[in-house]
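Excluded from the calculations below are hydrogen atoms, water molecules and symmetry mates; all remaining heavy atoms, backbone and side chain alike, are included. All of these numbers come straight from a predicted model, not from anything done at the bench. Below, chain A is the first sequence line, B the second, and so on; all start at residue 1.
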2 protein chains.
Amino acid sequence: MARKRSSIDLGAVQGDEGMSVNGRDEAIYRNLFAAIVENHLEPGTKLPEDTLAEAFAVSRTSIRKVLQRLAYERLVDIRLNRGATVAQPTVKEARDVFAARRIVECGVVAQVVAKATPARLDELRAIVRREHEAEARGDRREAIYLSGEFHVALSRLSENEAISEILAGLVSRSSLVIATFGSPMAGSCRHSEHDDVLDLIAAGDVEATRAWMERHLREVERSVVLVEEAPSAPDLRRILDEVAERHRRSH
Amino acid sequence: MARKRSSIDLGAVQGDEGMSVNGRDEAIYRNLFAAIVENHLEPGTKLPEDTLAEAFAVSRTSIRKVLQRLAYERLVDIRLNRGATVAQPTVKEARDVFAARRIVECGVVAQVVAKATPARLDELRAIVRREHEAEARGDRREAIYLSGEFHVALSRLSENEAISEILAGLVSRSSLVIATFGSPMAGSCRHSEHDDVLDLIAAGDVEATRAWMERHLREVERSVVLVEEAPSAPDLRRILDEVAERHRRSH
DNA sequence: TAGAATTAATTTGTACACAAAACAATAATT
DNA sequence: AATTATTGTTTTGTGTACAAATTAATTCTA
């Protein structure tokens, strides 16, 4: 029975700061954003405007705006007259994103340590606790999400909004990279070491914190990117072409 | 005579990479972008959709997309039901942007030095030469533009696209900051020291290059932000309110 | 039967129309 | 006269319609 599915419930929107943002578009954005970075939508998945419009019970107009924004954030890919797909980062892009994170996160350490207070550090410890809980019950998605949240929350201690927004963008792209290249147990598998850095910050040791961050990010990258490219739909075509080419030569 | 003005000529678009971008929207975007960062449009200026649509001879649909993008880049401000205005960075935002630039530009120095070649450095020298020419003939706008271009081009030596895109965003925001707070002779007045850093890079001295960059960016910031807030339209209202409050108390 | 060409379908791009909100101007009230 | 109500105008938000392009399905041809 091909019953018409009912629309997705968007619920109430919290972060409607002032009056500057449209609540409904923001809710749609968050839904799609979460679906992508939490890997509910596989990289390469087509995102037709009509389908989304019906799913969220709005017209294509709103959907288009949201897709444009996600494209700007490099989470979806929009090609002229071809519509939007969930972005498929290349290996180079993955490396660039992690290198960028090293620059940004190590660079902000000094300000983070300078402005950290016991109260703010406790908020971070709460995130780490939730991380451990998620890992304990094998909730990998939540663990990856919280791992990202930790890094962004850490950067927010610097009270530099420009930087923490930039980092938030890099972190969400990292999630997409993990979804694209990550081996099943990558990303947050080895018990999160996030506890350690909080002690270094509390001790006010800038250089040790920076060193920890550098090492930590290199390990995360190593556990993810080295798996190289998984052959999904569009690549399949290229591989078939390569096979055909090899066959032709062997004659 | 209120003759209907003809539309703005958008010319041909060069950077239409592959087939992924829409040429006309891109051209409109570049026009508005340039108008804002080159300070042809004062911060706070209203940007009504109808006016822009008529000016560029397209419907509001296209204009809206462009404005959304500029809003995402923090060059325009969109408030619900109130339309778009050229963004007016706050002092805090200005400081954050410059702090972010220090982090990004100093952080990328190692890769820049590692990947710099004589040929690429010559391209940068060409930019510096044009900078000097612009200064010599008193073309302040062009000088500011080229100063920004230099920083972005420098970061591109790292061959990390994620980083150079981030920096490009920060540099354009800097231009807006200069437009908002800059004293008439700020930004690029003192003869540009950009020559010096190229020699340090050519010599392969990472630490000296980093130190130069740190000092350079602090000087640029100092020459701009310290002028503090100029009381433009929205602030005027607040000031009047404050005066009224003071008056009420004195009774 | 494989491949090319044609036709039909889906899907995107853009303009336009109408409703709702904000803004401006005028009238009413104290 | 100053403040509040009301009315009219402008501007934005959102849905819809239609053209253009892409994708698919079908027919034709070698």
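A side-chain contact (heavy atoms from CB on, under 4.5 Å) with B:L176 holds for exactly one of B:V86, B:V97, B:V76, B:V37; it is B:V86.
Between B:A84 and A:S59, the one whose closest nucleotide on DNA chain D sits nearer the 5' end is B:A84.
Looking at B:S174 and B:R101, their side chains do bring a donor and an acceptor atom within 3.5 Å of each other.
The phosphate of D:dT23 (OP1 or OP2) has no side-chain N or O of A:R79 nearer than 4.0 angstrom. The shortest distance between the side-chain N/O atoms of B:K46 and the OP1/OP2 oxygens of D:dT12 is below 4.0 Å. OP1 or OP2 of D:dG13 has not a single side-chain nitrogen or oxygen of A:T61 nearer than 4.0 Å.
Going from atom CD of B:E49 over to atom C1' of C:dT14 covers 15 Å, rounded to whole Å. Per the geometry, CG belonging to A:D50 stands 16 Å off P belonging to D:dT23, to the nearest Å. When the C1' atom of C:dC23 is taken as reference, atom CG of B:L80 falls 15 Å away, rounded to whole Å. When rounded to the nearest whole Å, the span between CD1 of A:I78 and P of C:dT14 equals 12 Å. The CG atom of A:N81 sits 9 Å away from the C1' atom of C:dT11 (whole-angstrom rounding). The nearest whole Å value for the distance from the CZ atom in A:R64 to the P atom in C:dT11 is 14 Å. Taking atom CG of B:L47 as the reference point, atom C1' of D:dT11 lies 13 Å away to the nearest angstrom. Rounded to whole angstrom, the span from the CD1 atom of B:I63 across to the P atom of C:dT14 amounts to 12 Å.
For C:dG13, the base has a donor-acceptor partner in the side chain of A:R60 [N/O atoms by modelled type, under 3.5 angstrom].
Between B:E26 and B:R69, at least one side-chain nitrogen of the basic residue sits less than 4.0 Å from a carboxylate oxygen of the acidic one, meeting the salt-bridge criterion.
Under the side-chain contact (heavy atoms from CB on, under 4.5 Å) criterion, B:E159 pairs with B:K115, B:R120, sequence neighbours left out.
Candidate nucleotides C:dG13, C:dT14, D:dT14 were compared by shortest atom distance to the side chain of B:K65, and C:dT14 ranks first. The side chain of A:R82 lies closest to D:dT23, out of C:dG13, D:dT23, C:dT14.
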_One pair to check against side-chain hydrogen bond (donor to acceptor under 3.5 Å, both in side chains): A:Q68 and B:Y72. What are the steps and the verdict?_
CA-CA 10 Å; A:Q68 285 292 140; B:Y72 193 86; over 6 Å; no
